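Below is one structure, written out as structure tokens, with a few remarks after it.
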Amino acid sequence: SHPLPPTPTHFHPLLPTPMHPNKPPCPSAPTHGPHTPKVAGCWVGASTNCHETTEGWRARRRAAPLPPAKCSRDFDCSGANGRCIGSECVCSPGWAGSRCGQVAWKQRSARTPFDIDAAHMRGWWTWGASPAIDDGGKHHLFVSQISNDCGIHHYQTNSRIVHMTAPAATGPYTPAADFDVLPPRASHWDDGATHGVTVHRLPNRSWALYYMGFEKNWPQPTHPNCTAGSGEAWANTTFGDHAGRRIGIALSESLDGPWRRLDAPIFGPASDAWDNFDVSNPAPIFMRSGRVVLVYKGRGSRTQAMGLAFGSSPLGPFVRNDSGAAPAHGFVGGEDPFCYQDERTAILHCFTHTGNGESGAGGHAYSEDGVHWTQGEMAFTGRVQWSSGNTSVLLRRERPQILLIRSAIANGANSSLTHSSVIGHPAANGANSSLGHPSVIFTSAQDCRAPAADAGSVCRSYTMLEEVDLA
């Protein structure tokens, strides 16, 4: 009853079809995440509900183990994530699997980058964060914070972008002096909320915060307050509107600000294009040629999909692929992209949120030209091993943002890596923040499904990181 769409991705023939809603639930595995509530002696997590959605089933099939790869060139190894030697893929550091398409995680490296129980975090939900490092070696994190004890369903009404700093990539991060860095702006196109930030260093060595903004479309003069006892009955039924989503940018000479936002969006829907409703999830790639590839999520009257646009400046204007006639070529589902160009191979890669749970979360696509993309296997899933040694399966793991690192000898066989060569540091040999390969991956996370009210501390979403094993 749910036929799968045509896709180049391998589907495992031995996995079952989606479970019927009337079948009894299967046994739950322990899922001990930071915010998993303990109820009646059991940990309530993603694995307690085995009545999968069709989306979840498709993601699980995509994530099934693939047969051994037979490669004919390096590109066959998930976009040159390894070398093709004797028709077999030999993976580069940081990658695993027969096709070198799975992230190789450092053991016991998953953690929260800031104290989610600290006093300044009370009333917060967060939904991912974007990392960077300045020329002095200080680490910065730009976080999508959802205020007033409202949950992720309120991201279009209550999200704002805040700034935190730390002495190391893995934290602990604390509020910066300009903490409330990109709040909603009254009487502007982004007066409702700001969300989904991604930080990049531009070719002129200045910095940019790409984000999606929302128009305020509710009648009350304030933003919803979901705190228990607030008396705002309307808060839990006010979620904003996708139709107001646009892509904006803020610029600064320093990660410590001040930040200057442009008055208008740099990219929006087009009435004559496939994405004529709204656009979001910006992921720019700064090419060595000076061209900018903008990967994004678009929504139109017929579809929601990944889109491509191209420009000669980080500020645009951007021209849609195929003159806006169709979405990006080669992406299979997905959203929340983060994209980069591997400095050793020049291949473009995009991580996306694709599926969730035991067998989905991190999609991966790659391209030689930025126009034609190949969908790879699932790069990572919701299963994580925390620094405590506990393992959990997250209900949701989304919005991947990556701290990139460069090889000590770019484009060479020597893959010795140090954090002194993180993108943006003087040792990085240039300002282009799209060049490198993954070192630390930040995502949003949620251990269990929030109640219908989408408020309070039960099943609160948070931000996590996990280190890539580059040994």
Side-chain angles (χ1 to χ4, degrees), residues 127-128 130 142 144 154-161 181-200 202 207-218 239-251 259-286 291-329 331 334-339 350 352-353 370-371 399 401:
W127 199 250
S130 185
F142 294 88
S144 294
H154 288 80
Y155 79 99
Q156 297 172 124
T157 60
N158 284 64
S159 183
R160 60 204 303 120
I161 295 161
V181 65
L182 289 186
R185 293 183 295 177
S187 303
H188 284 76
W189 65 275
D190 52 1
D191 59 350
T194 55
H195 188 72
V197 64
T198 182
V199 59
H200 294 269
L202 302 180
W207 295 91
L209 297 177
Y210 290 79
Y211 68 99
M212 50 178 155
F214 302 84
E215 293 177 327
K216 181 179 179 296
N217 70 336
W218 58 95
F239 303 116
D241 186 359
H242 287 83
R245 291 191 295 193
R246 305 290 186 270
I247 293 172
I249 193 170
L251 304 169
W259 294 91
R260 177 179 61 88
R261 268 187 273 189
L262 299 193
D263 289 336
I266 62 169
F267 193 68
S271 59
D272 58 348
W274 67 271
D275 52 352
N276 59 330
F277 279 11
D278 66 80
V279 296
S280 60
N281 298 164
I285 312 172
F286 306 109
R291 184 177 67 156
V292 181
V293 179
L294 182 66
V295 183
Y296 65 96
K297 182 174 77 172
R299 192 169 66 103
S301 54
R302 295 186 178 183
T303 188
Q304 176 175 287
M306 300 290 289
L308 284 174
F310 305 93
S312 58
S313 164
L315 309 183
F318 294 100
V319 178
R320 284 170 170 78
N321 186 52
D322 283 346
S323 300
H329 298 296
F331 282 95
E335 61 170 358
D336 295 344
F338 179 92
C339 306
C350 283
T352 63
H353 159 230
V371 177
R399 281 214 60 78
Q401 293 286 304

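Atoms considered below: every heavy atom in the structure, side chains included; atoms not considered: hydrogens, waters and symmetry mates. All values reported here derive from a predicted model rather than from experimental measurement.
Between Thr194 and Pro183, the closest side-chain pair of non-hydrogen atoms is not below 4.5 Å. Contact annotation: the side chain of Leu315 approaches that of Leu251 to within less than 4.5 Å [non-hydrogen atoms, C-beta and beyond]. Side chains of Ser144 and Tyr155 form no contact here, defined as non-hydrogen atoms less than 4.5 Å apart. Residues Ser312 and Arg291 are not in side-chain contact: their nearest non-hydrogen atoms beyond the backbone lie 4.5 Å or more apart. Side chains of Leu308 and Val293 form a contact here, defined as non-hydrogen atoms less than 4.5 Å apart. A 4.5 Å side-chain heavy-atom check between Phe267 and Pro282 finds every atom pair outside the cut-off. In this structure, Tyr210 and Pro314 have side chains that are in contact, with non-hydrogen atoms separated by less than 4.5 Å.
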Kindly indicate, with the supporting measurements, whether the criterion side chain to side chain contact (heavy atoms under 4.5 Å, CB included) is fulfilled by His329 and Asn321. CA-CA 9 Å; His329 298 296; Asn321 186 52; 3.4 Å; yes
Show the numbers, then the answer: is there a ring-ring contact (aromatic ring centres under 6.0 Å, His included) between Phe142 and Tyr211? CA-CA 11 Å; Phe142 294 88; Tyr211 68 99; over 10 Å; no
Between Trp207 and Trp259, is a side chain to side chain contact (heavy atoms under 4.5 Å, CB included) present by the stated rule, with each step listed? CA-CA 9 Å; Trp207 295 91; Trp259 294 91; 3.7 Å; yes
Before giving the answer on salt bridge (charged side-chain N to carboxylate O under 4.0 Å, His left out), spell out for Asp190 and Arg185 the whole-Å C-alpha distance, their side-chain angles and the decisive distance to 0.1 Å. CA-CA 6 Å; Asp190 52 1; Arg185 293 183 295 177; 3.0 Å; yes
Criterion side chain to side chain contact (heavy atoms under 4.5 Å, CB included) on Val279 and Arg245, from CA distance to verdict: CA-CA 6 Å; Val279 296; Arg245 291 191 295 193; over 6 Å; no
Derivation of the side chain to side chain donor-acceptor pair (under 3.5 Å) call for Gln401 and Thr198: CA-CA 7 Å; Gln401 293 286 304; Thr198 182; 2.8 Å; yes
Step by step, work out the side chain to side chain contact (heavy atoms under 4.5 Å, CB included) result for Tyr296 and Phe318. CA-CA 12 Å; Tyr296 65 96; Phe318 294 100; over 6 Å; no
Stepwise, does the salt bridge (charged side-chain N to carboxylate O under 4.0 Å, His left out) test hold for Asp191 with Lys216? CA-CA 6 Å; Asp191 59 350; Lys216 181 179 179 296; over 6 Å; no
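For Phe310 against Val371, the heavy-atom pair with the smallest separation is CZ-CG2, 3.8 Å. Nearest heavy atom pair, residue Met212 against residue Gly196, reads CE-CA, 4.1 Å. A pairwise comparison of heavy atoms in Pro184 and Gly192 identifies CG-O, 3.7 Å as the closest pair. Minimum interatomic distance between Ala250 and Arg261 (heavy atoms only, all atoms of both residues): CB-CG, 3.6 Å. Shown here for Val292 and Phe286, the closest heavy-atom pair between the two residues is CG2-CD2, 3.8 Å. In terms of heavy atoms, Val197 sits closest to Ser130 at O-CB, 3.6 Å.
To the nearest 0.5 Å, atom CD of residue Gln304 and atom NE2 of residue His242 are 7.0 Å apart. A distance of 6.5 Å separates CD1 in Ile266 from CG in Leu294, rounded to the nearest 0.5 Å. In this structure, Cys350 SG and Phe331 CZ are separated by 4.0 Å, a value rounded to the nearest 0.5 Å. To the nearest 0.5 angstrom, Arg399 atom CZ is 4.5 Å from Asp336 atom CG. Here CG of Leu262 is found 10.5 Å from NE2 of His188. Values are rounded to the nearest 0.5 Å. Considering CD of Glu215 and CH2 of Trp189, their distance stands at 9.5 Å, rounded to 0.5 Å.
The backbone N or O of Ala243 lies less than 3.5 Å from a partner atom in the side chain of Asp241, making a donor-acceptor pair. The backbone N or O of Gln156 lies less than 3.5 Å from no partner atom in the side chain of Ser159, so there is not a single donor-acceptor pair.
Of the residues Arg320, Arg299, Lys297, the one that meets the side-chain hydrogen bond (donor to acceptor under 3.5 Å, both in side chains) test with Asp275 is Arg320.
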